[in-house]
Amino acid sequence: MNKTYKENLNMWALDTDADHILHRVGSDDYTPIRHTTAKDPDAWEEIAVADIPPYNEAEYKERRQSEYAAYQAYREDCKVRARAILSDSKCDITND
């Protein structure tokens, strides 16, 4: 990360290359920012694009809930099909 103090703005100009983004420390927002100005440059960090999480915590929770709901629907479908198979008159269950 390149830091340049801009006296006319009384702020720091922060820049990074195409392989990185600027990320506000403690934030779960990973919007690709490559140039910004800030009063406190230490509030920003440089993160490699390859290291950006695929989703934030809220998106992760939503994804987990969605996957769990799909799993529950699949379970219920399996139960219905199993009951149909077991109650089918063609199904012969023997104890050999």
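Both backbone and side-chain heavy atoms feed into the values below; hydrogens, waters and symmetry mates do not. Computed from a predicted model, the values in this text were never measured in an experiment.
Across all non-hydrogen atoms, the minimal contact from Pro41 to Lys3 is CB-CD, 4.0 Å. Nearest heavy atoms, Arg34 versus Ala18: NH2-O, 3.2 Å. The two residues Lys6 and Ala13 come nearest to each other via the heavy atoms CE-CB, 3.8 Å.
Here the straight-line distance linking atom CG of Asn2 with atom CG of Leu14 works out to 9.5 Å at 0.5 Å rounding. Separating the CH2 atom in Trp12 from the CG atom in Asp40 is a distance of 10.0 Å, to the nearest 0.5 Å.
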List the atom pairs, with distances to 0.1 Å, where a side-chain N or O of residues 19-33 and a protein N or O form a donor-acceptor pair under 3.5 Å, not counting sequence neighbours.
unit_1 : atom_1 : unit_2 : atom_2 : d
His20  : ND1    : Asp17  : OD1    : 2.6
His23  : ND1    : Glu45  : OE2    : 2.8
His23  : NE2    : Ser27  : O      : 2.7
Ser27  : OG     : Asp29  : N      : 2.9
Asp29  : OD1    : Thr31  : N      : 3.1
Asp29  : OD1    : Thr31  : OG1    : 2.5
Asp29  : OD2    : Thr31  : OG1    : 3.4

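Atom OH of Tyr74 is surrounded by 12 or fewer heavy atoms from other residues, nucleotides or ligands within 6.0 Å. Counting non-hydrogen atoms of other residues, nucleotides and ligands closer than 6.0 Å to CD of Glu62 gives a total of 12 or fewer.
Members clustered with Tyr60: Tyr55, by chain and number, using a 4.5 Å side-chain heavy-atom cutoff among hydrophobic residues.
A salt bridge is absent between Glu67 and Arg64; no separation between the charged side-chain nitrogens and carboxylate oxygens falls under 4.0 Å.
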